[in-house]
Structures are given as structure tokens and as C-alpha cells.
Protein chains: 2
Amino acid sequence: MVEISRRRAIEDVASELFRAHGYAATSVRDIARVLEIQGPSLYAHVTSKEAVLWAIVDRAAARFEAAAEAATRATGIDPVEAMAALVRAHVRVITDDVGAAAVFVHEWRALGPDRRSAVLERRDAYERRFREVIETGIAGGDFEMTDPALAATAVLSTLNGIPGWYRPDGRLPAGRVADHFVDLVLRMLQGASR
Amino acid sequence: MVEISRRRAIEDVASELFRAHGYAATSVRDIARVLEIQGPSLYAHVTSKEAVLWAIVDRAAARFEAAAEAATRATGIDPVEAMAALVRAHVRVITDDVGAAAVFVHEWRALGPDRRSAVLERRDAYERRFREVIETGIAGGDFEMTDPALAATAVLSTLNGIPGWYRPDGRLPAGRVADHFVDLVLRMLQGASR
DNA sequence: TCCCGCCTAACGATCGTTCGTTTGCTACGG
DNA sequence: CCGTAGCAAACGAACGATCGTTAGGCGGGA
């Protein structure tokens, strides 16, 4: 395997360990052991354990933001279409790197105060994209909702459960997962059976 | 506040700290500090840190199971009604003790192998209740679903996001939260407008 | 007097991190 | 073709701090 960057390899290993056991329960020496080097040797490539977590979280956040941005740009103003694109983009980011996505969703509280609040701010902005599409859909009669903010939170909760069970070699390929969740989310937002 | 059991007070404090910072990031001395005693003094009431986590997780699991059992017993065979009761019961257990529910959902991986697999087994059995109602609903034409297992997982993901934002003194009272989520879940399961 | 709740002291282990040194390769001057 | 300078990567020892936990003692209410 060609080694582009030792640092990136560290972050990938750390992603998987943080996902499986959590940031606090994963020691620097645990990460090093997987790479078959000694714990302190890691510090030739990274400045601190928290910096590794931050690199993972920051990159994951950027991928979510870029995917949502692209999805919004690619679709017109039709809320149903826009929401489907947002969901599909979100699921793709998760399935492309489950470890990083899980760390982004669950381990941001381990960051220091500054970085933690920065993540929360970006998360709010991201959720706002979903809420605005929902509000547009309500105004246009495409969606039936009394509480758009709660609906956006519920939608993202549903999607963010995926890293808890999805595995790249599981019974459902990533594309099918996306299809199913687009369907589920649109059902949540569109009017009930009547 | 009348103090029924010192041990229970420890578990309640631990619930809140485990929820806020995670099990591994919470020290025994952190728990003791909130109770205004010294760290080692906890061991007069408790046998180990993991035992505290187990007590919290076990009680939360039992409350989920009991609530689901009661909900199932109270409703007939109508799947829509049964699912509504299951969702309402689940949300009530969460809102009754957000801390314990959050710990149950997120911190079970910190348990030792035996207890962890015991929890996973109970969680599977619990999820099975949801899946069976969904399957019954599909068979009777009440629900439209191609993948009942995935639907059950998605429903529980949606509900288990609640501890991430619900606060007893928040803008939504517990009853409204339950109403909204019953609505959202039934929409997910029932046929869409398309 | 006894016991229960809490104390302080201390243990071995492990944590994140720093430091000085060694290793193995690549490039280049003579 | 040799010798050597340079460099990135990893090593092993060691640091201070903190972890979960044990042990023994002290004080006050029944």
C-alpha cells in the first residue's frame, strides 16, 4: 500500500478507534500499536492527541458542508427535490467514511471549549439548511409540518443513526441505504395518509 | 430534598456526568465533587465505577422494557395503534430521565464484554418488538415498507436522538414531544403521497 | 458502645507528552 | 566507487499528572 502521508494514516486509525471505544477511552499508545510503532513516536507527526481528533472532526465537517453546498447548488427550488438531494449527500458522506462520520457525530464534546463551540456553530448552520428547505416546503404546500425546527432535528437524528450500524461490507450497499432514507425522510415531511 | 438512598444519589449524579462528558472522561472524583465528598468515600456505597455504570444502564433498560411491555399489553392488534403506543412509551421513558436514557444509548460500550453483550441482546429484543409491529402492519396493509428491519432501526434512531437535545425545562413539554414523534414515526411507516 | 459515613494517605497503573539518540535511506562531492 | 552529510522516522527512558481502588482512622448520632 502506497503511503501518501503518515499523518493521514494516523488519523484514519484514530478514527476507527475513537469510533469503537470513544476518544477518552483510546490512548495514544493504542493508536500507535495498530501502526506497529511506539506511542511517543506519534509525536513526530502530530502535535497532540486533541489535534488528531480536531483534524478528523474538521475534515468530516468540511465534507458534510461541501456535499450539502453542492446538493443545494445542483437542485432548483423544488423543496422535495432539494431535500432528497440533501439527504442523499448526507448519507453519502457517512457511507464514504463511517469512522470519521461517527467521530464527528459523537466525539466533538471531547474537544476543548473553543473548538467545541466552533463545531456546534457549524452544526447549527448545517441544520439550518435542512430547516430552510422544510420551511420553503411548508410555505409551498409540499410539506405538512407544524414545527420545522423539530422536523429538521428529527431528520438529522434519523440520518446520524446510520454510523451506528452501517458497514461497507454489510447487507445493504451504500446506494440502497441512501434510497431508503430519502424515502423515509420525505414520508416524514410530506402529509400523512389523509 | 429527602435522601432515600445515598447510592441512588450517586447514580443520578453519575448519569448526568456520563451524559455530559462520557464514562471514560468522567473520574470517580468528579462524581464525588458534585456530592461534596471525597473520591474514595464513594467506595463505601459502591463497589466499582463500572458497577455504577451498570446500575444506570440496567435500570434504564428495564424501564424501556417495562414501558414497551405495558404499551403492547394495553393496545389491541391494530399496528398503527400499537406503534403509536410503543413510540409514546419510549419517549416517556426518555423524558422521565434524560440522563439515564442518554447513558443507556451511548455509553454501553464502556461496559465489560459480558455486560456489554447482555445489553446488546436486550437491545435487539427491544428492537424486535418494533420490527414485529411493522411486519404486522405491512401484512395488513397499514404500513408500506420493503425493509421492516431497516425501518425499525430508523425509527429507533429517530427516537434515540431525543436525549441529544431534550431538556425538561426546554421549549417543548414532554407530552408535545411524544405527540410530534408519534406523528413523525407513523408518517415514516404509512404509505407516502407520491 | 457501636456503627455508619466520611476522611486522609497511599498504592500501582496508565495517561499524554518531552527528550536525546539511533536507524536507514538518499544524494552528492571527490 | 567510496564516504559522508542530511533527513525523516522511530526508539526507549523518563516526566508529572491523574486514574481507580484499598486501607486504616476519626467523629458523631443511636
Side-chain angles (χ1 to χ4, degrees), chain A residues 1-58 103 106-116, chain B residues 1-58 103 106-116:
Chain A
M1 155 172 158
V2 182
E3 193 99 358
I4 298 290
S5 152
R6 203 79 179 104
R7 174 152 166 201
R8 177 55 191 266
I10 292 172
E11 290 166 13
D12 287 346
V13 168
S15 281
E16 205 46 50
L17 293 178
F18 291 168
R19 177 182 80 89
H21 311 109
Y23 172 81
T26 303
S27 77
V28 172
R29 290 171 178 87
D30 289 335
I31 301 170
R33 188 174 307 117
V34 177
L35 296 162
E36 292 179 309
I37 60 177
Q38 297 297 317
S41 303
L42 285 180
Y43 285 81
H45 309 281
V46 301
T47 66
S48 75
K49 187 189 175 189
E50 199 210 305
V52 174
L53 174 60
W54 172 246
I56 297 167
V57 169
D58 184 43
V103 170
H106 288 117
E107 304 295 334
W108 52 268
R109 343 127 153 290
L111 291 167
D114 294 345
R115 285 165 167 173
R116 180 169 60 234
Chain B
M1 158 171 156
V2 182
E3 193 98 2
I4 298 292
S5 152
R6 202 81 178 103
R7 174 153 168 200
R8 178 56 191 267
I10 292 172
E11 291 167 9
D12 287 345
V13 168
S15 281
E16 205 46 50
L17 292 178
F18 291 169
R19 178 183 77 89
H21 311 108
Y23 172 80
T26 303
S27 78
V28 172
R29 290 170 177 87
D30 290 335
I31 301 170
R33 188 174 305 118
V34 177
L35 296 163
E36 292 179 307
I37 61 176
Q38 297 296 319
S41 302
L42 284 180
Y43 285 82
H45 307 93
V46 149
T47 66
S48 75
K49 186 189 175 189
E50 199 209 306
V52 175
L53 174 60
W54 172 245
I56 297 167
V57 168
D58 184 42
V103 171
H106 288 116
E107 304 297 333
W108 53 266
R109 344 132 151 286
L111 291 167
D114 294 345
R115 286 167 165 171
R116 179 168 60 235

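Chain naming here is simple, since letters A, B, ... match the order of the sequence lines and numbering starts at 1 in each. All figures in this text were calculated on a predicted structure; none of them were measured in a lab.
For A:Arg33 and D:dA10, the CZ to P distance is 16 Å, given to the nearest whole Å. We find that CD1 of B:Ile37 is positioned 19 Å from P of D:dG27, with the value rounded to whole Å. Residue A:Glu36 contributes atom CD, which lies 14 Å from atom P of D:dG12 at whole-angstrom precision. If you take CD1 of B:Ile10 and P of D:dT21, they are 13 Å apart, rounded to a whole angstrom. Atoms CG (A:Asp30) and C1' (C:dC15) sit 11 Å apart, rounded to a whole Å. Atom CD1 in A:Ile31 sits about 11 Å away from atom P in C:dC15, given to the nearest Å.
Residues from residues 41-57 of chain B that place a heavy atom under 4.0 Å from any atom of DNA chain C, listed by number: B:Ser41, B:His45.
A donor-acceptor contact closer than 3.5 angstrom is absent between the side chains of A:Ser15 and A:Asp12.
The side chain of A:Arg29 lies closest to C:dC15, out of D:dT21, C:dC15, C:dC6. Checking C:dT17, D:dC11, D:dG20 against the side-chain heavy atoms of B:Ser27 singles out D:dG20 as nearest.
Using a 4.0 Å heavy-atom criterion, one finds that A:Gln38 contacts the sugar-phosphate atoms exclusively.
Contact of B:Arg6 with C:dG5 (side chain to base): no donor-acceptor pair of N or O atoms is detected under 3.5 Å.
Between B:Arg6 and B:Ile37, the closest side-chain pair of non-hydrogen atoms falls below 4.5 Å. The closest side-chain heavy-atom distance from B:Val52 to B:Val28 is not below 4.5 Å.
Pairs engaging residues 35-51 of chain B under the side chain to side chain donor-acceptor pair (under 3.5 Å) rule: B:Glu50-B:Arg115 [sequence neighbours left out].
Counting heavy-atom neighbours within 6.0 Å of B:Arg7 CZ, excluding the residue itself, gives a total of 12 or less.
A distance of 9.5 Å separates CD1 of B:Ile56 from CZ of B:Arg8, quoted to the nearest 0.5 Å.
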